[in-house]
Amino acid sequence: MKRVLLVLPYAGFSGASIDQAVKRAGKEKATLTALYLLEGGAAASVFDKFSDIGFMGDRPAEDLSKIVMKESRQRGYEALGKAQIKAMEEGVDFEPLVEEEPTVEKVLSLIEKMDPSVVFVLKRKQRAFLKYFTRSLADELSERASVEVAVIIEEGEQEKENADAKNMD
């Protein structure tokens with residue numbers, strides 16, 4: 001079975017990435033698999049640090065962690081729902097997938113197992129300073145995946161505001 005993989009990160013998703021992935025799947029008569037990466041561990045580690053420095057106690061951190069996980073799941077269902085609706089509109093077969101271990105290695109393992117013709121992944125525009133210290137999932141997949149990786153670059157909120165202001169002039 002031919003497959004196109006769309007990776008939807010917790011930090012957000014883009015309508016453009018969904019549109020492009022659906023178009024490609026339709027063109028190839030492939031199933032669109034949308035993989036939502038549930039980012040639960042990151043929230044827990046932040047709250048652990050807040051607890052360690054005395055900023056908050058264990059109980060509030062645990063409660064807040066549960067709220068963050070619930071929010072993450074809600075975002076995931078929303079993202080997968082939008083992808084599914086777009087796929088249905090275009091007559092593309094759709095398969096949702098949620099991964100609770102959102103590591104590069106886990107995503108690479110899923111890519112090897114699924115063998116998609118292409119992987120669509122979102123990359124947020126980073127500040128110049130940060131790109132020297134961190135690597136995005138999109139960068140890692142582009143370098144290490146054994147299949148084509150289509151990186152969709154999404155502007156940050158400030159760039160969107162600047163573009164909107166420029167268009168109003």
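Excluded from the calculations below are hydrogen atoms, water molecules and symmetry mates; all remaining heavy atoms, backbone and side chain alike, are included.
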Item to check | Derivation and outcome, salt bridge (Lys or Arg N to Asp or Glu O under 4.0 Å), residues Asp19 and Lys86 | outcome: CA-CA 7 Å; Asp19 291 347; Lys86 184 67 176 176; 3.8 Å; yes
Checklist entry - Do Val118 and Val149 have side chains that get closer than 4.5 Å, going by heavy atoms? => result no
Next on the checklist: Taking the side chain as everything from C-beta on, heavy atoms only, tell me whether Tyr36 gets closer than 4.5 Å to Leu38.
Outcome noted: yes
Next on the checklist: Do Leu32 and Leu6 make a side-chain contact, defined as non-hydrogen atoms from C-beta onward lying under 4.5 Å apart?
Outcome noted: yes
Next on the checklist: Could you go through Val4 and Val119, starting from their C-alpha distance and side-chain angles, then the distance that decides it, and tell me whether this counts as side-chain contact (heavy atoms from CB on, under 4.5 Å)?
Outcome noted: CA-CA 6 Å; Val4 169; Val119 176; over 6 Å; no
Checklist entry - With sequence neighbours left out, what residues match Glu28 under side chain to side chain donor-acceptor pair (under 3.5 Å)? => result Arg24, Ser117
Checklist entry - Does one hydrophobic cluster hold both Leu141 and Ile153, with members joined at side-chain heavy-atom distances below 4.5 Å? => result yes
Checklist entry - Does a salt bridge link Arg73 with Glu100, judged by any charged N lying under 4.0 Å from a carboxylate O? => result yes
Next on the checklist: Minimum heavy-atom separation for Ala79 and Ile18, please, with both atom names.
Outcome noted: O-CD1, 4.3 Å
Checklist entry - Is there a side-chain contact between Leu122 and Leu8 (heavy atoms, below 4.5 Å)? => result no
Checklist entry - Do the non-hydrogen side-chain atoms of Leu97 and Met114 ever get within less than 4.5 Å of each other? => result yes
Checklist outcome for this item: Hits for side chain to side chain donor-acceptor pair (under 3.5 Å) against Glu140, two or more places apart or cross-chain, chain-then-number order -> Arg135, Arg144
Next on the checklist: What I want to check is whether the side chains of Arg3 and Thr31 have a donor and an acceptor closer together than 3.5 Å.
Outcome noted: no
Checklist entry - Do the side chains of Leu5 and Val121 get nearer than 4.5 Å, heavy atoms only? => result no
Next on the checklist: Quick check: closest heavy atoms across Val22 and Ala83, and the distance to 0.1 Å?
Outcome noted: CG2-O, 4.4 Å
Item to check | Within-4.5 Å side-chain heavy-atom neighbours: Glu90 and Lys23 | outcome: no
Checklist entry - Considering only heavy atoms from C-beta outward, does the side chain of Phe120 approach that of Ile152 to under 4.5 Å? => result yes
